[in-house]
Amino acid sequence: MQRLARNGGTAGLLRWLAGRADGWAGIAGSDGTVLSASGAAPSGPLTAPADVPDVPRLVAEGVRALTERGALAYSHDTGAHTVLLFPLPGPHDPHAEDRGAAPLLAVVTPRPVAAGLATLLADVLMPLSLCREAEAVERKRRRVDLAESRGREAVLHLLMTGQLSIAQQVAGALRPRLPDPVRVCVVECPGDSRDEVARVCAEADGGRSWIVRCPVYARHLILVMPAEGGRGTAPDSGPGSAPNGGPNGGPNGGPNGGPNGAPSGGPDGGTATDEAVAALVDRCVVGVSERVPLADTATGYRQAFHALAVAREVPGRHVRFGAAPEPALVVGTAGRQWAEALLTPLLTHVPRRAQDPGSQELAATAASWLAFSSHATDHLKVHRNTLAARLRLIGELLGLDLHRLADQAALDLALRIRATPAPVCTPEAGQRDGGAAPGHANGAAHDLDEVLRRPAVQEWALRQLAPVAGAAEETLRTWLRCEGRLGPTAAELGISVPGARKRLTRLETVLQRSLLRPPSARYDLWLALRARASAAAEATS
């Protein structure tokens, strides 16, 4: 009995009792409803053994009789069977006036009742009651864990959509406090070990990081870590500075090294949390962002996701995103004005009905879809038809065809510019003294090509494309020309789909960016190729 109570719980004890009684055993509520039973189907109404007639009716009648008489136990013979009822002990005195509200152990057994069965039932009451209480506590714990997990997910969603003040208010009820600045870390867990890896992360970090189970990828954990607890203490490069690891900003000095190959560590000189997790958990893969303000958590997540794609191909299973400026940082005032002009119909949209999505919700939907593609339904917790309807509305408002990679890249850049504080955007050389760029009133650009032809954007594009050349560049161009679809890309290259996938996987390692899984770098790469082509066309005209 004690072994069953420890290992089998309520269900195990009831099955054992049914076997000892050669009949049926279950737990009934104070209204006669069967709450759990040895003969209950996994999903559906109670199915009693064939030799026991109408068990639910017998139990309900017995419960009513026990309640009317105010008895502590009840036994009733029905001819071929005997019904035995015992109230389960609980936190209250069994002799109290509210004992009728307690659940009851009900047993239906053939006559004559086996010798010692009543004593056995009396002995099993306490273990059965303790099992039910333990199971109730476990259910409550799971609900609390689920509520906390959803709360953390909501805070991350607010951070990803730039709603910093609301995120901090919601996070105030949870621990730890949101750090600022941060490094975002994405951990890809082996198998079904995400909960165990989350525990390892919390222990390795001392509980200082904000740990969230990714709502999109079932094997991913997202850590928003204090920046000082990350890798090294070297100052971050500015938007226009070149990284130490090469033109594309790869890991500096190796996949696990800090700046210039120096070992990295936390503020106490120990191993950083992300490195510790990669070392402690077998087959765990870790990607880490650069140091970013808390308001730029979305940027940090994209960087960490790109680093994760590279980390899968290196022995250490841990890579830090190389220092590379966001395109939103180099477009200048003209780019910001272009983005505002493009997004104005969306940002000023007023829904016709109260239940329709407003401008803020539509902007969040667009950002989520651009980042996660069809997985945005998991991120936003909406049905795929709802997502499709919102995307149609967004396309109509902006005059864009969101099935085209070109329009997707333009919208992605505009949303990223909008999410970047205006003083952070790098002004053009001709605007640093307050003057306007030649040929444009107040530096305004009338279309995307004009923004992409600006010198700072051209420099950014060259850095993005520097690692690819020859056949690799042709593969990249073909893939982008085919809207990022593997089938048409393989057909145009004259190779198989697995062959095309292998080429793009090698490109991920070369570019140190994720291409095949969203968030993908395809928007940045399309913009870089378009910027180079636009500059070449202007030079020859």
>> Quick one, Pro226 and Ser209 - any side-chain contact, counting heavy atoms below 4.5 Å?
In response: yes
*Using modelled atom types only, decide if a donor and an acceptor are shared between the side chain of Ser373 and the backbone of Leu370 within a distance under 3.5 Å.*
no
Electrostatic pair Glu313:Lys502 at N-O distance under 4.0 angstrom = no
- Query: Strictly by modelled atom types, are Thr478 and Glu474 linked by a side-chain donor-acceptor pair under 3.5 Å?
  - Reply: yes
Taking every heavy atom of Ala376 against every heavy atom of Ser368, the minimum-distance pair comes out as CB-OG, 3.4 Å
If the threshold is 4.0 Å, N to carboxylate O, is there a salt bridge linking Arg199 and Glu203? yes
Does Asp447 use its side chain to pair, donor to acceptor, with the backbone of Glu450 at less than 3.5 Å?
yes
So that I can tick it off, tell me whether Asp412 and Arg416 are bridged by a salt bridge, with the cut-off set at under 4.0 angstrom between side-chain N and carboxylate O.
yes
Between the CZ atom in Arg522 and the OG atom in Ser514, the distance rounded to the nearest 0.5 Å is 10.5 Å
Only residue of Arg213, His379, Lys381 satisfying side-chain hydrogen bond (donor to acceptor under 3.5 Å, both in side chains) with Glu153 is Lys381
Notebook entry, point to check: Is the shortest side-chain N to carboxylate O distance from Arg418 to Glu340 below 4.0 Å?
Noted result: no
Whether over 12 other heavy atoms sit under 6.0 Å from His383 NE2: yes
Apply side chain to side chain contact (heavy atoms under 4.5 Å, CB included) to Arg501 and Leu486, showing your working. CA-CA 7 Å; Arg501 182 180 289 107; Leu486 275 176; 3.4 Å; yes
Worksheet item: Within the distance-only criterion (no hydrogens, no angle test), does the side chain of Arg513 pair as donor or acceptor with the backbone N or O of Ala521 below 3.5 angstrom?
Response: no
For Asp401, is the CG atom crowded, meaning more than 12 foreign heavy atoms sit under 6.0 Å from it?
yes
Does the side chain to side chain contact (heavy atoms under 4.5 Å, CB included) test come out yes or no for Val285 and Val187, once each step is laid out?
CA-CA 6 Å; Val285 185; Val187 181; over 6 Å; no
Might you work through the side chain to side chain contact (heavy atoms under 4.5 Å, CB included) test for Val331 and Val457, ending with a clear yes or no?
CA-CA 6 Å; Val331 294; Val457 181; 4.3 Å; yes
**OP:** Using a strict cut-off of less than 4.0 Å between a Lys/Arg side-chain nitrogen and an Asp/Glu carboxylate oxygen, indicate whether Asp407 and Arg404 qualify as a salt bridge.
**Re:** yes
Kindly indicate whether the side chain of Leu221, heavy atoms from C-beta on, has any atom under 4.5 Å from the side chain of Val186.
no
Shortest non-hydrogen pair, Val197 vs Val281, comes out as CG2-CG1, 3.9 Å
Separation between CG (Asp195) and SG (Cys189), nearest 0.5 Å, reads 9.0 Å
| request: Show your reasoning for whether side chain to side chain contact (heavy atoms under 4.5 Å, CB included) applies to Thr475 and Arg506. | output: CA-CA 11 Å; Thr475 298; Arg506 288 195 295 268; over 6 Å; no
Are the side chains of Gln163 and His157 in contact, using a 4.5 Å heavy-atom criterion? no
- request: Could you give me the CA-CA distance, side-chain angles and deciding distance for Arg463 and Glu459, then say whether salt bridge (Lys or Arg N to Asp or Glu O under 4.0 Å) is met?
  value: CA-CA 6 Å; Arg463 291 179 60 187; Glu459 181 182 351; 5.4 Å; no
Tell me yes or no: between the side chains of Arg453 and Ser534, is some donor less than 3.5 Å from an acceptor? yes
*asked:* For a 4.5 angstrom cut-off between non-hydrogen side-chain atoms, does Asp205 reach Ile211?
replied: no
Min side-chain heavy-atom separation Leu159-Leu178 under 4.5 Å | yes
Scanning both residues in full, the closest heavy-atom pair of Ala531 with Ala461 reads CB-CB, 4.0 Å
d(Leu294 CG, Leu164 CG) to nearest 0.5 Å is 5.0 Å
Arg143, CZ: over 12 other non-hydrogen atoms inside 6.0 angstrom: yes
Does Arg517 make a cation-pi contact with Tyr217 (under 6.0 Å, within 45 degrees of the axis)? yes
From the list Arg283, Arg194, Arg219, His220, side-chain hydrogen bond (donor to acceptor under 3.5 Å, both in side chains) partner of Glu188 resolves to His220
* Verify, without hydrogens or angle tests, whether Thr540 (side chain) and Ala536 (backbone) share a donor-acceptor contact under 3.5 angstrom. => yes
- Query: Would you call Met225 and Val288 a side-chain contact if the rule is heavy atoms closer than 4.5 Å?
  - Reply: yes
Glu148/Arg152 salt bridge by N-O under 4.0 Å criterion:
yes
* Asked: Just wondering, do Arg302 and Pro519 contact through their side chains at under 4.5 Å, heavy atoms?
  -> yes
Practice item. Compute whether any side-chain donor of one residue and acceptor of the other, for Arg390 and Thr365, lie under 3.5 angstrom apart. Key: yes
Quiz prompt | Backbone N/O of Leu452 and side chain of Gln458: donor-acceptor pair under 3.5 Å | solution = yes
Interatomic distance, CZ@Phe372 vs SG@Cys214, rounded to 0.5 Å, equals 6.0 Å
dist Glu290:CD -> Thr299:OG1 (nearest 0.5 Å) comes out at 12.0 Å
Looking only at heavy atoms, the pair that brings Ala371 and Pro518 closest together is O-CB, 3.0 Å
Do Asp449 and Arg530 have side chains that approach each other closer than 4.5 Å (heavy atoms only, starting at C-beta)?
yes
Within the side chain of Arg291, is there an N or O that forms a donor-acceptor pair under 3.5 Å with the backbone of Ala227? no
Heavy-atom closest pair (Val510 atom, Val468 atom, distance to 0.1 Å) is CG1-CG1, 4.4 Å
Tightest non-hydrogen contact, residues Asp524 and Trp460, listed as O-CH2, 3.4 Å
With Leu362 as partner, the option from Leu393, Leu391, Leu398 fulfilling side-chain contact (heavy atoms from CB on, under 4.5 Å) is Leu393
* Asked: Just by distance, do the side chain of Glu508 and the backbone of Ala309 share a donor-acceptor pair under 3.5 Å?
  -> no
One should read off an interatomic distance between His318 NE2 and Leu308 CG, to the nearest 0.5 angstrom, of 10.5 Å
For Val224, is there any backbone N or O sitting under 3.5 Å from a side-chain donor or acceptor partner on Trp210? no
Any donor and acceptor pair, going by atom type alone, linking the side chain of Asp356 with main-chain N or O of Pro351 inside 3.5 Å? no
So does Arg481 pair up with Glu492, basic N to acidic O under 4.0 Å? yes
Donor-acceptor check, side chain of Thr348 to backbone of Thr344, threshold 3.5 angstrom: yes or no? yes
